[in-house]
Amino acid sequence: MSEAAWERTLTVGTAGQTHALAAALGAGLQAGDLLVLTGELGAGKTTFTQGLGEGLGVRAGIISPTFVLVRIHPNRPDGPRPGGPDLVHVDAYRLESASEIDDIDLENTMDSSVTVVEWGRGRVEHLSESRLEVDLHRQLGGTQAGTQADAQNVGSQPAGVVLDFDTDDADEPRTVVFRGFGPRWAEPPAALAALPSPPATPETD
């Protein structure tokens, strides 16, 4: 398996900031992009995907596709990106191999959509030469190193938007790790490049 071209770690303090960070990222995604989301239950995968959907301008109502494996959210002609790509949202938790991924025929929509696969690591790498991996970690009982991506950096949640958070404890801090693979993600996307870099670790004698 090829190594990541780069890695970026951020810390978000609330579910709204997770959503806003993903929305900023989604605004720059293109048809053919593959995102692989990893995180334990309640880590914020669905909240993150909802943000991606907002940035892409697809139809609202994104929920976990656990029981149907795949949900397709079409682009809105009256949205911020009319004519843009649809969002294909996949939950691969119950799929045990790359061959089972092939059985759901994602190749038919890959070129015209943005494909987001939860629990896809080790299962979907063959679908594209490029992918963006996103790992979400709950910071239960402690903190992890990263950049504080606050509302000023990633935007504020629009009024009137109802979020379907993964967990009742929606505003606990989370660490989000991004890794880029392949030529499409040779450099971090603009939504991440615009954020401040993590502070340097002080040297010790």
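Remember, predicted model here, so these are calculated numbers, not experimental data.
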- Message: I'd like to check the side chain to side chain donor-acceptor pair (under 3.5 Å) partners of D135; sequence neighbours left out, ordered by chain and number.
- Response: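 Counting only residues at least two positions away or on another chain, D135 forms a side chain to side chain donor-acceptor pair (under 3.5 Å) with R121, R179.
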
- Message: Under 6.0 Å from the ring centre and within 45 degrees of the ring axis: does the NZ or CZ of R8 meet both conditions for the six-membered ring of F178?
- Response: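 Negative - R8 is either too far from the ring of F178 or too far off its axis.
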
- Task: Given side chain to side chain contact (heavy atoms under 4.5 Å, CB included), test E125 with F181 step by step and report yes or no.
- Result: CA-CA 10 Å; E125 288 82 358; F181 295 82; over 6 Å; no

Decide yes or no for [X] and [Y]: does some side-chain heavy atom of the first lie under 4.5 Å from some side-chain heavy atom of the second?
{"X": "R184", "Y": "D33", "answer": "yes"}
{"X": "E129", "Y": "P183", "answer": "yes"}
{"X": "D86", "Y": "T109", "answer": "no"}
{"X": "T115", "Y": "L127", "answer": "no"}
{"X": "L21", "Y": "L192", "answer": "yes"}
{"X": "P173", "Y": "V12", "answer": "no"}
{"X": "V176", "Y": "T9", "answer": "no"}
{"X": "H137", "Y": "V177", "answer": "yes"}

- Side chain W119, main chain V36, donor-acceptor under 3.5 Å: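 Such a contact is absent between W119 side chain and V36 backbone.
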
- Any donor and acceptor pair, going by atom type alone, linking the side chain of K45 with main-chain N or O of T38 inside 3.5 Å?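 Not a single qualifying donor-acceptor pair exists.
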
Nearest atoms (heavy-atom pairs only) where [X] meets [Y]:
{"X": "R76", "Y": "V58", "answer": "CD-O, 3.3 Å"}
{"X": "P189", "Y": "L25", "answer": "CG-CD1, 3.6 Å"}
{"X": "R81", "Y": "L29", "answer": "NH2-O, 2.8 Å"}
{"X": "P85", "Y": "S113", "answer": "CB-CA, 4.0 Å"}
{"X": "A186", "Y": "A5", "answer": "O-CB, 3.9 Å"}

- Intermediate values then yes/no, salt bridge (Lys or Arg N to Asp or Glu O under 4.0 Å), E40 and R138: CA-CA 8 Å; E40 67 268 28; R138 301 172 69 183; 5.2 Å; no

- Message: Could you tell me if H19 and E54 have a donor-acceptor pair between their side chains, going purely by distance under 3.5 Å?
- Response: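 Result is yes, a qualifying pair exists.
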
- Item | Derivation and outcome, side chain to side chain contact (heavy atoms under 4.5 Å, CB included), residues V114 and V88 | CA-CA 6 Å; V114 169; V88 176; over 6 Å; no

- Item | Partner of V116 by side chain to side chain contact (heavy atoms under 4.5 Å, CB included), out of L132, V134, L56, L52 |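 So, applying the side chain to side chain contact (heavy atoms under 4.5 Å, CB included) to V116 and each of L132, V134, L56, L52, only L52 qualifies.
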
- Message: Taking V70 as the starting point, is it possible to reach M110 by hopping between hydrophobic residues whose side chains are less than 4.5 Å apart?
- Response: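 Looking at the clustering, V70 is in the same group as M110.
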
- Message: Would you say that more than 12 heavy atoms from the other residues, nucleotides or ligands in this model lie under 6.0 Å from the CD of E187, or not?
- Response: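 12 or below, so no.
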
- Message: What verdict does the side chain to side chain contact (heavy atoms under 4.5 Å, CB included) test give for V117 and L34, after you've listed the backbone C-alpha separation in whole Å, the side-chain angles of each residue and the deciding distance to 0.1 Å?
- Response: CA-CA 8 Å; V117 185; L34 172 64; 4.0 Å; yes

- Task: Give the C-alpha distance, both sets of side-chain angles, the deciding distance and a yes or no for side chain to side chain contact (heavy atoms under 4.5 Å, CB included) between Q17 and R174.
- Result: CA-CA 10 Å; Q17 290 173 18; R174 292 175 175 85; over 6 Å; no

